[in-house]
Amino acid sequence: MRKNKIKNVYADSQTIEGIAELLGIFGDTTRCKIVSILFTGNKTVSEIASELNMTMSAISHSLRILRQGKIVKAIRNGREIEYSLEDEHIFKIFEMAKEHVTE
């Protein structure tokens, strides 16, 4: 790693714990698949379950963890709840990880 590309990488203990928690959330294949699906737009639990050929219960469990980690957010659309990525940071984190593992 080149020194001039490195910003201040030192972080306090609380920040390190937050980073570890965030990366832990991404440490599950199902949750990563859900994030990948949400890159295409908002989806309901049933749409995600259908795309992944999984139960709605399993998807709901993963979405709850993703919501708690501020990876996804829930949006009420009439009678349904749709899920989307929380913000642009999530896209960047996922894209950087993808780039790293495909090099």
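Positions are given from 1, in the same order as the sequence printed here.
No side-chain heavy atom of Leu85 sits less than 4.5 Å from a side-chain heavy atom of Phe94.
The CD atom of Glu17 sits 13.5 Å away from atom CG of Leu22, with the distance rounded to the nearest 0.5 Å. Atom NZ of Lys33 is separated from atom CG of Leu38 by 14.5 Å, given to the nearest 0.5 angstrom. A distance of 10.5 Å separates CG of Leu63 from CE of Met56, quoted to the nearest 0.5 Å. Taking CD1 from Ile25 and CG from Leu66, the interatomic distance works out to 7.0 Å, rounded to the nearest 0.5 Å. Atoms NZ and CD, on Lys98 and Glu103 in that order, are 12.5 Å from each other to the nearest 0.5 Å. Of the inter-residue distances, the one linking Ser36 atom OG with Arg31 atom CZ reads 15.0 Å to the nearest 0.5 angstrom.
Across all their heavy atoms, Ile34 and Ser62 have their closest contact at CD1-CB, 3.6 Å. Nearest approach of Thr44 to Glu47, heavy atoms of both residues: N-OE1, 2.8 Å. Between Asp12 and Thr15, the shortest heavy-atom contact is OD1-N, 2.7 Å.
No donor-acceptor contact under 3.5 angstrom links the side chains of Ser57 and Thr55, judged on distance only.
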Could you pull out all donor-acceptor pairs under 3.5 Å where a side-chain atom in residues 69-84 meets a protein atom, sequence neighbours excluded?
unit_1 : atom_1 : unit_2 : atom_2 : d
Asn77  : ND2    : Glu82  : OE2    : 3.3

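The environment of CD in Glu21 is sparse: at most 12 heavy-atom neighbours from other residues, nucleotides or ligands sit within 6.0 Å.
Connectivity analysis of hydrophobic side chains (ILVMFWY, heavy atoms under 4.5 Å, direct or indirect) links Ile19 to Leu23.
Between the side chain of Thr40 and the backbone N or O of Ile37 there is at least one donor-acceptor pair closer than 3.5 Å.
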Residues Glu51, Lys43; criterion side chain to side chain contact (heavy atoms under 4.5 Å, CB included); working and verdict: CA-CA 10 Å; Glu51 286 191 45; Lys43 303 280 183 181; 3.2 Å; yes
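Residues passing the ring pair (Phe, Tyr, Trp, His ring centres under 6.0 Å) test with Phe91 are Phe39, sequence neighbours excluded.
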